[in-house]
S.K.: 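Please see the structure below; I have some questions.
Lettering of chains follows the sequences in order, A, B, ..., and the numbering in each one begins at 1. These values consider heavy atoms only, across backbone and side chains, with no hydrogens, waters or symmetry-generated copies. None of these values were measured; they are calculated from a predicted model.
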Amino acid sequence: MYALIDCNNFYASCERVFNPTLIGMPVVVLSNNDGCVIARSNEAKAIGIPMGAPAFEYEHLFRRYKVKVFSANFPLYGDMSRRVMSLLSNYSPHQEIYSIDECFLNLEGINVDLQKYGLEMKARIEKGTGIPISIGTAPTKALAKLANRIAKKFPNETGGSYVIDTEEKRIKALKWLKVEDIWGVGRRNAKKLYAIGAYKAIDFVNLSEAWVRKNMTITGLNLQKDLKGIPTIEMLEPEKKKSIGTSRTFETDLRSFDEVRERITTFTSMSAEKLREQNSFCKRLIVFIGTNPFKEHETQYYPSIQIKLPFPTNSTLELVKFAHEGLKQIFKKNHYYKRGGVLLTDFVDASVYQPSLFFNSDPKHKKLMEVIDKLNDKYHCDVVRLASQDERKHKMKQAHLSQHYTTDINEILTVEV
DNA sequence: TCTGGGGTCCTAGGACCC
DNA sequence: TCTGGGGTCCTAGGACCC
């Protein structure tokens, strides 16, 4: 059996942990630049604020219902996530962290009442972190996802923990779930399914395998088997990331090459930091920029460029140089740029990396990067950065930011050079 | 005026090889 | 006029997730 544990309204719940006066009030958390709603408490959902709602369109609702509005505080959410995941890892030797607020546990060999086991987890996590969770347990991952949905939808009946462990429960759940709510079925596939008269998960499960394979690829076929109760989607081992990127919407439209270059430098630097953290080198870098799609009367331009690096590297200095070269090739004057980003990919492990005969990353950079990473890690901010880099956070609109409750150190900064 | 960010996996088709 | 067959690798783009 597999359990899928999901934190309820995760970001909103994190804000509540440190500000209990928010309990019972509608709470929303906004994306970077306070652009749109990315998390809502149950009360906020009840008012009719949808996921992804642009904040400016809903300000009247925020005011009318005295909604508590927060700018996203990702350092806080990341830290809370680590605490939740760490406590949950005690309930199975095999945990897959699926996202910031979700994980699967493989419960093989755990011979207890699984509904109660879920309730036990719930009590432990809420006591230890203050975060409410829901637990779904079933013979496959896709069914565990479904069980979790039921636990969340019917908290009074289930207590927040639901188990699909009989054929009868499985069929009943599949008859209840709409196809667009199946894990792995998005808008496009839902449309295809509707077109042939499949509205509920049970209809999807009853489709011929040939049709599913042809129209939804091997991914759809695996999903169908999983929902039939045949374990097909496996637990993933914790692996290193295969690509690392940083992208942002700018607070204002940028016109000049230098301004855009500053942002691209920062994105490259942030990505390179994460790359070194997992001890990889990358062999390819992608730079992309774009205009504002909501300004329909302006000419739209979304260029991107891939650069195959002449040697694998994780040096910020070298990566920034390549990123600048790429940007130079795609940047066109007379556009208002609203978005940009850098993606690093094609990784090799630092430990197995063999230097090539002719071109190599400058070995002197290794020491330099180690020192920079140490300083920035220690002081939780960019005490050391490139001269061509902007001051990251300063340009983000964050009008409603909560404190970094769990990660602030309030240390007085003295660095001897 | 104001509309997020970071990932994974799959496939078709082109380039290339013998 | 008529021009092979089989394979691998790479990549852009699509679809999906939270």
S.K.: Within less than 4.0 Å of OP1 or OP2 of C:dC17, is there a side-chain N or O belonging to A:S99?
M.R.: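 For C:dC17, OP1/OP2 do not have a side-chain N/O of A:S99 under 4.0 Å.
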S.K.: Between B:dT3 and A:T249, is there an OP1 or OP2 to side-chain N/O distance shorter than 4.0 Å?
M.R.: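 For B:dT3, OP1/OP2 do not have a side-chain N/O of A:T249 under 4.0 Å.
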S.K.: So, does A:K241 get its side chain near the phosphate of B:dG7, meaning an N or O under 4.0 Å from OP1 or OP2?
M.R.: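 Looking at the OP1 and OP2 atoms of B:dG7, one of them is under 4.0 Å from a side-chain N or O of A:K241.
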S.K.: Find the distance A:L344:CG to B:dG5:P and express it as a whole number of Å.
M.R.: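 After rounding, the reported distance stands at 17 Å.
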S.K.: Taking the side chain of A:Y98 as its heavy atoms from C-beta onward, which of C:dT11, C:dC18, B:dT3 lies nearest to it?
M.R.: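 From the listed options, C:dC18 comes nearest.
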S.K.: What residue among A:Q306, A:K308, A:K283, A:R284 forms side-chain hydrogen bond (donor to acceptor under 3.5 Å, both in side chains) with A:D346?
M.R.: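 One option only clears the test, and that one is A:R284.
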S.K.: How many Å lie between CD on A:Q278 and C1' on B:dG6, as a whole number?
M.R.: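 Rounding to the nearest Å, CD of A:Q278 and C1' of B:dG6 are 13 Å apart.
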S.K.: Is A:K242 close enough to B:dC9 that one of its side-chain N or O atoms is under 4.0 Å from OP1 or OP2 there?
M.R.: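 For A:K242, the contact criterion (side-chain N or O under 4.0 Å from OP1 or OP2 of B:dC9) is met.
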S.K.: Before accepting this row, confirm whether a basic side-chain N of the pair A:E157/A:K152 lies closer than 4.0 Å to the acidic partner's carboxylate O.
M.R.: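 Not counted as a salt bridge, because no side-chain N and carboxylate O are separated by less than 4.0 Å.
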S.K.: Taking only the side-chain nitrogens and oxygens of A:K397, find out if one of them lies under 4.0 Å from OP1 or OP2 of B:dT3.
M.R.: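 No, because none of the side-chain N or O atoms of A:K397 sits under 4.0 Å from OP1 or OP2 of B:dT3.
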S.K.: Does A:R248 have a side-chain nitrogen or oxygen under 4.0 Å from the phosphate oxygens OP1 or OP2 of B:dG6?
M.R.: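 For B:dG6, OP1 or OP2 has a side-chain N or O of A:R248 closer than 4.0 Å.
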S.K.: Looking only at the aromatic ring of each residue, does the gap between the centers of A:W183 and A:Y98 stay below 6.0 angstrom?
M.R.: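 For A:Y98 and A:W183, the ring centres are under 6.0 Å apart.
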S.K.: Test A:Y77 against every option in A:Y405, A:F70, A:Y11, A:F18 by the ring-ring contact (aromatic ring centres under 6.0 Å, His included) rule and name the one that passes.
M.R.: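 Going through the options one by one, the only one that passes is A:Y11.
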S.K.: Counting heavy atoms from C-beta on, name the nucleotide in C:dT11, B:dG4, B:dG5 closest to the side chain of A:K308.
M.R.: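 That would be C:dT11.
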S.K.: Between A:Y336 (OH) and B:dT1 (P), how many Å, whole number?
M.R.: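 From A:Y336 OH to B:dT1 P: 15 Å.
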S.K.: Tell me: CD1 of A:I244 to P of B:dG5, nearest whole Å?
M.R.: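 So the two atoms are 18 Å apart, to the nearest Å.
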S.K.: Nearest of C:dC17, B:dT11, B:dG6 to any side-chain atom of A:T217?
M.R.: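 Comparing C:dC17, B:dT11, B:dG6 against the side chain of A:T217, the answer is B:dT11.
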S.K.: Once you apply a heavy-atom cut-off of 4.0 Å, does A:L343 come out as touching a base, just sugar-phosphate, or nothing?
M.R.: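 Result for A:L343 = nothing.
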S.K.: With heavy atoms under 4.0 Å as the rule, sort A:I182 into base, sugar-phosphate or nothing.
M.R.: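 The answer is sugar-phosphate, as A:I182 gets under 4.0 Å only of primed atoms, P, OP1 or OP2.
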S.K.: Do A:T316 and A:S269 have side-chain atoms, one donor and one acceptor, less than 3.5 Å apart?
M.R.: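 No - no donor-acceptor pair under 3.5 Å links their side chains.
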S.K.: Looking at A:E370 and A:K366, is there a salt bridge between them, counting it only when a charged N and a carboxylate O are closer than 4.0 Å?
M.R.: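 Counted as a salt bridge, because a side-chain N and a carboxylate O are separated by less than 4.0 Å.
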S.K.: Compare side-chain N and O positions of A:T219 against OP1 and OP2 of C:dA15 and report whether any pair is under 4.0 Å apart.
M.R.: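 No, A:T219 has no side-chain N/O under 4.0 Å of OP1/OP2 on C:dA15.
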S.K.: In whole Å, what is the span from the NZ atom of A:K141 to the P atom of C:dC18?
M.R.: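 The answer, rounded to whole Å, is 12 Å.
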S.K.: Once you apply the 3.5 Å cut-off to both distances, tell me the Watson-Crick or G-U wobble partner of B:dA12, or none.
M.R.: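 Check on B:dA12: paired to C:dT11, both distances under 3.5 Å.
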S.K.: Could you tell me whether the side-chain ring of A:F294 sits stacked on the base of B:dT3, using a centroid cut-off under 5.5 Å and a plane angle under 30°?
M.R.: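 Stacking is present between B:dT3 and A:F294, given that their ring centres fall under 5.5 Å apart and the planes under 30°.
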S.K.: How many whole angstroms separate atom CE of A:M80 from atom C1' of C:dC18?
M.R.: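 Result: 19 Å.
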S.K.: Does OP1 or OP2 of B:dC2 have a side-chain N or O of A:K295 closer than 4.0 Å?
M.R.: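 Checking B:dC2 against A:K295, a side-chain N or O does come within under 4.0 Å of OP1 or OP2.
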S.K.: Output the rounded distance in Å from CZ (A:F288) to C1' (B:dG4).
M.R.: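 After rounding, the reported distance stands at 12 Å.
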S.K.: Ignoring the backbone of A:S247, work out which of B:dG5, C:dC17, B:dT11 is nearest its side chain.
M.R.: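 Output: B:dG5.
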S.K.: Do any side-chain nitrogens or oxygens of A:N32 fall under 4.0 Å of OP1 or OP2 in B:dG4?
M.R.: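 Answer no for this pair, as no side-chain N or O of A:N32 is under 4.0 Å from OP1 or OP2.
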S.K.: Among residues 187-198 of chain A, which residues get a heavy atom nearer than 4.0 Å to DNA chain C?
M.R.: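 Heavy-atom cutoff 4.0 Å gives A:R187, A:R188, A:N189.
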S.K.: What's the shortest heavy-atom distance between A:T140 and A:D226, and which atoms?
M.R.: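 Between these two residues, the closest heavy atoms are OG1-O, 2.8 Å.
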S.K.: Can you measure A:D346 atom CG to C:dC9 atom C1' for me and round it to whole angstrom units?
M.R.: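 Rounded to whole Å, this separation is 12 Å.
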S.K.: Indicate, with yes or no, if the rings of A:W176 and A:Y199 have centres closer together than 6.0 Å.
M.R.: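 No.
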S.K.: Let's see if you can work this out: which of C:dA12, C:dC18, B:dG7 has an atom nearest to the side-chain heavy atoms of A:R284?
M.R.: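 Among C:dA12, C:dC18, B:dG7, the one nearest the side chain of A:R284 is C:dA12.
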S.K.: What's the closest nucleotide to the side chain of A:E102 if the choices are C:dC18, B:dT3, B:dG4?
M.R.: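 It is C:dC18.
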S.K.: Are a donor atom and an acceptor atom from the side chains of A:T265 and A:E262 found within less than 3.5 Å of each other?
M.R.: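 Not at all, the side chains of A:T265 and A:E262 share no donor-acceptor pair under 3.5 Å.
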S.K.: Would you mind telling me which residue lines up with the more 5' stretch of DNA chain B, A:R213 or A:T246, judged by nearest nucleotide?
M.R.: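 Result of the comparison: A:T246.
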S.K.: Between C:dG4 and B:dC17, how far apart are the two C1' atoms, rounded to whole Å?
M.R.: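 Nearest-Å result for C:dG4 against B:dC17 at atom C1': 14 Å.
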S.K.: Nearest to the A:I218 side chain among B:dT3, B:dG6, B:dT11, which nucleotide is it?
M.R.: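 Per side-chain heavy atoms of A:I218, the pick is B:dT11.
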